[in-house]
Colleague: 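Encoded as structure tokens, here's the structure I'll be asking about.
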Amino acid sequence: MQALSKRTQLIKKKSLFISCIVPVYNEQELIVKFISVLKTTLKQLTKNFEIIIVDDGSSDNTHNLITKLCKNKNIKALCFSRNFGKENALTAGLAYCAGDVAILIDSDFQHPIKLIYEFITKWVEGYSIVYGIQKNRQIKNPIRIYFTRLFYYLIKKISRVKIPANACDFRLLDRKVIDALNRLKERNRFMKGLYAWVGFKSIGIPFNVADRKAGKSSWNLFKLTELAITGITSFSNIPLKLLSVGGLLISGFAALCAIYIVFKTLIMGIVVPGYATILVSIIFFGGIQLFSIGIVGEYIARIFTEVKKRPNYIIEEQHGFTQKML
Ligand code: UDP
Ligand code: MG
């Protein structure tokens with residue numbers, strides 16, 4: 001109750017410290033306009049805000065534009081030494097933001113900036129995480145639609161952490177949540193899973209995803225599949241358990257077949273063996289074994305990345321921060 005009235009007071013006095021984290025990769029057409037609109041929106045909410053642009057190793061003119069933008073008050077930037085991916089850009093922003101709340105938002109106008117008002121209203125009502133739910137996902141590729149559905153279906157079935165379907169990175173996080181997320185040091189980062197894993201009182205707000213104003217999406221089917229596998233392997237061991245159960249069932253079946261064959265041979269003598277049956281079973285079980293090794297391999301590859309303990313990103317340049325970032 002006390003915390004709630006404190007939240008209301010901060011809004012009334014316009015003194016809530018909002019950190020906006022904007023991951024950016026090759027967005028030269030949009031970045032200047034986007035930051036200007038975002039700044040205007042934030043100014044209406046509070047006197048106290050920072051916009052942290054995370055340049056995820058852009059190779060076009062984005063970096064120069066960001067450097068110029070940082071001459072303005074309240075605008076800061078972290079520039080990576082190469083492209084480390086959106087999940088790591090968000091991770092860096094969260095590590096270095098100082099706000100009472102953080103708002104994560106894409107820089108291509110697909111996330112409606114005005115929704116921030118609703119996020120803040122929900123935060124005042126006592127929610128610690130307020131996330132956008134994409135009502136009309138802008139997915140045109142039918143294969144991608146099918147795999148997205150399959151991914152959410154699987155993750156719902158096999159993960160103990162409840163990851164809401166179609167929730168996106170566009171969200172507000174309270175300081176408690178930011179601190180909790182900053183304690184998670186894993187390398188294979190599936191942010192949507194991590195937000196759900198830390199817990200806290202959360203609510204989703206449905207919104208219509210706008211069309212990208214310019215430029216093109218950096219995600220392709222390969223990158224998305226990689227992220228989906230990270231999502232599943234980071235939040236569930238069930239694929240491994242299924243392998244053990246599957247292996248056991250197949251061995252049981254094989255034992256029954258063996259008994260059957262022994263008895264058949266004892267009773268009927270040796271009959272001409274079925275060439276096709278043997279070939280098919282060898283190929284079938286060979287396939288199952290390779291597939292199983294593949295699944296185990298996915299886990300091992302991720303353990304390998306974790307034990308190397310390489311940092312999630314390298315910051316080459318920083319603008320607008322007082323202390324030195326690593
Ligand atoms: N982005 C990033 N690093 C990447 C890919 C994308 O920081 O490797 C940023 C991008 O600039 C945008 C946001 O993440 O602000 C969402 O990317 P995009 O629009 O390509 O994804 P989609 O909207 O298609 O999911
Ligand atoms: Mg986009």
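Since the structure is predicted, the reported quantities are computational estimates derived from the model, not experimental observations. Throughout, residue positions are numbered sequentially from 1 according to the sequence presented. Quick note: numbers below take in every heavy atom, side chains included, and nothing from hydrogens, waters or symmetry partners. Indexing begins at 1, ligand by ligand and atom by atom, following the structure's order.
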Colleague: Note the single closest protein heavy atom to atom 18 (P) of ligand 1, along with its residue, its atom name and the distance in Å.
Modeller: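 Of the protein heavy atoms, Arg212 NH2, 3.6 Å lies nearest.
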Colleague: Under 4.0 Å between a side-chain nitrogen and a carboxylate oxygen: does that hold for Asp179 and Arg183?
Modeller: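 No.
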Colleague: Look at atom 14 (O) of ligand 1 and say which protein heavy atom is nearest, naming residue and atom and giving the distance to 0.1 Å.
Modeller: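 Of the protein heavy atoms, Lys86 CD, 3.4 Å lies nearest.
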Colleague: Hey, what's the ring geometry for Tyr96 with Tyr313, parallel, tilted or perpendicular (30° and 60° as the breaks)?
Modeller: perpendicular
Colleague: In the protein, what heavy atom is nearest to atom 9 (C) of ligand 1, and what distance, to one decimal place, separates them?
Modeller: Pro23 O, 3.6 Å
Colleague: Can you confirm if the NZ or CZ of Lys114 lies within 45° of the ring axis of Tyr117 and under 6.0 Å from the centre of its six-membered ring?
Modeller: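 No, cation not above the ring by the 6.0 Å, 45° rule.
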Colleague: Can a salt bridge be assigned to the pair Arg7 and Asp100 using a cut-off of 4.0 Å between side-chain N and carboxylate O?
Modeller: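 No, Arg7 and Asp100 are not salt-bridged.
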Colleague: What residue and heavy atom of the protein are closest to atom 6 (C) of ligand 1, and at what distance?
Modeller: Ser218 OG, 3.7 Å
Colleague: Taking it one step at a time, do Glu298 and Arg302 satisfy salt bridge (charged side-chain N to carboxylate O under 4.0 Å, His left out)?
Modeller: CA-CA 6 Å; Glu298 289 293 340; Arg302 280 165 177 78; 2.7 Å; yes
Colleague: Whether Arg82 engages the ring of Phe84 as a cation-pi pair (distance to the six-membered ring centre under 6.0 angstrom, angle to the ring normal within 45°) should be assessed.
Modeller: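 Yes, Arg82 and Phe84 form such a contact.
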Colleague: Can you pull out the closest protein heavy atom to atom 3 (N) of ligand 1? Residue, atom name and distance to 0.1 Å, please.
Modeller: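 In this structure, atom 3 (N) of ligand 1 has Asp56 OD2, 2.6 Å as its nearest protein heavy atom.
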Colleague: Checking one value in my table: which N/O/S atom of Asp108 lies closest to the Mg ion (ligand 2)?
Modeller: OD2
Colleague: Could you tell me whether Lys223 and Glu226 make a salt bridge, using a distance below 4.0 angstrom between a side-chain N and a carboxylate O?
Modeller: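 Answer for the salt bridge query: no.
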Colleague: For ligand 1, note which part of Asn83 has a heavy atom under 4.0 Å away: side chain, backbone, both or neither.
Modeller: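 It is the side chain that gets close, since no backbone atom is under 4.0 Å.
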Colleague: With heavy-atom distances below 4.0 Å as the criterion, list the atoms of ligand 1 near Glu27.
Modeller: 10 (C), 11 (O), 12 (C), 15 (O)
Colleague: Note the single closest protein heavy atom to atom 23 (O) of ligand 1, along with its residue, its atom name and the distance in Å.
Modeller: Gln110 OE1, 2.8 Å
Colleague: Just jot down the ligand 1 atoms closer than 4.0 angstrom to any heavy atom of Asp108, in number order.
Modeller: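 Answer for ligand 1: 19 (O), 23 (O).
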Colleague: Flag the pair Leu224 / Phe147 as yes when at least one side-chain heavy-atom distance between them is below 4.5 Å, and no otherwise.
Modeller: no
Colleague: Just need the protein heavy atom nearest to atom 17 (O) of ligand 1, so name the residue and atom and give the distance.
Modeller: Trp219 NE1, 3.9 Å
Colleague: Where is the nearest protein heavy atom to atom 1 (N) of ligand 1: which residue, which atom, and how far?
Modeller: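 Of the protein heavy atoms, Tyr25 CB, 3.7 Å lies nearest.
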